[in-house]
Amino acid sequence: MEGKRRRKKKRHSKVLRAAGLCINALQVVASAVLLILMMQLNVLPVRYTGAVIGLTIFLAILMILMQFPRKTRLAGCILSGIFCLVFILGDIYLARTHMVLSDITVEDNNYKVDQIVIAVLKDDPAEELEDTLIYNFGIQKTLDRENTDTTISNIEEQSGTTLNVTEFDDLASMAQALYDGQVQAVIYNAAYDDTIEETVEDFTDQIKVLENHEIRTQTQMTGNDINVTQNPFTVYISGIDVYGEISQTSRSDVNMLVTVNPQTKEVVMTTTPRDYYVQLPGVSGESRDKLTHAGIYGIQCSIDTLEQLYDIEIDYYVRVNFTTLRNLVDALGGVNVYSEYEFTTHYKNGGYEIKKGYNFMDGKKALAFARERYNVPGGDEQRGRDQQAVLKALFEKVMSPSILTGYLGILDSIEGNFETNMGMDQIASLVKMQLADGSSWDIKSQSVTGTFGNEYCYSGGYQLLSIMYPDETSVAEARQGILRVLGLEEDAPEAVYAAENILKNMASEDQPGSAAAEAGADGLDTALGISGAW
């Protein structure tokens with residue numbers, strides 16, 4: 001009987017050792033995958049990488065050795081199983097990180113998505129496109145004509161019918177013609193909805209969209225090849241005024257330049273008001289338009305416009321939308337944002353009570369705060385400063401331990417709602433640098449100002465729209481702030497000469513608002529002479 005018990009115990013021990021070795025093998029595989037993914041991401045400093053490699057090898061050897069003495073086999077199985085779960089969880093985190101970074105870094109395969117809508121008045125009896133084929137359609141004569149013609153061709157090809165169309169010089173005239181019955185349907189790019197509503201109130205509430213044609217256009221937006229841990233660089237942050245897919249065409253309501261010097265640990269955020277009255281290079285010719293409308297013509301148009309305005313080079317861009325900000329703040333567990341004023345956000349922005357000083361905000365409240373321009377002193381100029389305050393709060397939260405507890409939530413919040421042409425290697429190198437030195441950053445904010453007015457805009461046709469004439473002194477000072485962080489600060493005489501050239505290039509006798517630009521140029525020497533920044 002005793003011999004039988006010993007044989008049974010021996011078999012049990014062998015089974016336990018075999019199971020333990022299988023678990024050990026799984027542990028080795030999981031840890032190897034972890035190391036491979038970690039090497040691919042390349043975000044850990046060398047000393048941390050070496051420590052992780054050494055620890056995984058040590059644990060693998062230790063767990064294998066524990067399977068040979070009978071007394072340690074059970075403990076070895078349990079511990080090895082725990083380590084397997086830890087390594088597998090790490091594999092999931094790193095694989096998810098790699099997938100999201102691959103998704104948001106679009107160095108070579110950018111897409112611009114236009115939504116071309118076919119719409120009728122809300123009380124029109126038509127319920128689908130087929131009901132409108134005998135209607136007269138209103139379209140734009142020149143604005144976004146390529147996409148409109150593509151949509152019309154698709155409709156005609158599918159229906160076998162030639163559409164009756166009437167062309168209009170501007171969006172407001174087309175909308176009014178729909179109201180008056182001159183046309184019974186309209187075809188236009190949904191990106192212009194807010195532009196129409198600047199002169200035709202509540203237009204989108206008065207129409208019924210019967211069909212939506214999506215047109216995807218591939219663009220090339222490769223960022224500059226810069227060692228971002230050694231050399232200064234500038235990133236353009238474009239905030240589009242929509243929810244959902246980040247690649248859809250929209251106005252750019254947030255236009256912020258973030259200039260970073262990794263050596264001096266300095267950051268300057270420069271905000272330009274959405275209504276700044278500027279030329280859109282390669283689009284508007286000698287005409288001018290609001291800066292926000294540059295976003296309708298693609299991210300490159302916004303970049304070109306700001307490069308011309310400040311006479312600098314922009315190295316990378318980041319494109320975000322309402323969904324990005326709301327979800328990111330919630331994933332971080334909320335942020336503390338400083339407000340310069342006490343106010344209540346507009347009812348369309350949720351009607352949140354904001355106190356002067358620090359306010360703890362969830363995603364919806366932070367979005368409402370960042371969008372508010374009606375109930376704050378200074379309107380759009382203050383909104384730009386408030387957006388900088390939200391961004392600064394996000395920076396501070398991301399650099400805190402909160403990023404660990406909300407890690408997967410952060411990845412979920414930016415996936416599909418975030419786009420950049422900064423490469424994965426560059427993003428990884430910045431993370432590695434911060435982990436290595438843990439330095440604090442000196443983050444400063446600046447914004448340019450101007451004078452409100454009403455002018456004709458390239459995207460608005462023959463309708464007067466509210467705009468802001470650039471204050472060229474503030475533009476020149478902001479440029480100097482950017483150059484200082486870049487390590488390229490100019491001597492005063494050279495800076496004045498450069499700023500004057502910018503103004504003269506922008507000013508034109510046949511240009512709306514040129515008188516204001518010329519007046520700014522004439523008074524620039526005096527203005528800069530008393531400016532402390534020069």
How long is the straight-line distance from CD1 of Ile116 back to CD1 of Ile155, given to the nearest 0.5 Å?
10.5 Å
Which residues satisfy the side-chain contact (heavy atoms from CB on, under 4.5 Å) test with Ala126, sequence neighbours excluded?
Asp124, Asp131, Thr132, Tyr135, Leu210
With sequence neighbours left out, what residues match Phe360 under ring-ring contact (aromatic ring centres under 6.0 Å, His included)?
none
Does a donor on one side chain and an acceptor on the other come within less than 3.5 Å for Ser252 and Asn255?
yes
Mind checking the OG-CD1 spacing from Ser250 to Ile296? Nearest 0.5 Å is all I need.
7.5 Å
Kindly compute the distance separating OH (Tyr276) from CE (Met468), expressed to the nearest 0.5 Å.
7.0 Å
Side-chain H-bond candidate by donor/acceptor type, Asp253 with Thr292, under 3.5 Å:
yes
Less than 4.5 Å apart, any side-chain heavy atom of Val267 and any of Val485?
no
Within this structure, what is the CD-OG distance for the pair Gln387 and Ser447, rounded to the nearest 0.5 Å?
10.5 Å
Flag side-chain contact, heavy atom, 4.5 Å: Pro273 against Val448:
yes
For the pair Arg145 and Glu167, find out whether any cationic side-chain nitrogen is under 4.0 Å from an anionic carboxylate oxygen.
yes
Rounded at 0.5 Å granularity, tell me how far CG in Asn189 sits from CD in Gln140.
10.5 Å
So, Asp144 and Asn147: side-chain donor and acceptor under 3.5 Å apart, yes or no?
yes
Do Glu372 and Asp386 come within less than 4.5 Å of each other through their side chains, counting heavy atoms only?
no
Give, for atom NZ of Lys364 and atom OG1 of Thr345, the distance between the pair rounded to the nearest 0.5 Å.
12.5 Å
Can you sort out the partners of Leu121 under side-chain contact (heavy atoms from CB on, under 4.5 Å), two or more places apart, ordered by chain and number?
Asp123, Leu178, Tyr179
Is any NZ, NE, NH1 or NH2 atom of the basic residue among Asp362 and Lys365 found under 4.0 Å from an Asp or Glu carboxylate oxygen of the other?
no
Pair Thr162, Glu156: side-chain N/O donor-acceptor within cut-off below 3.5 Å:
no
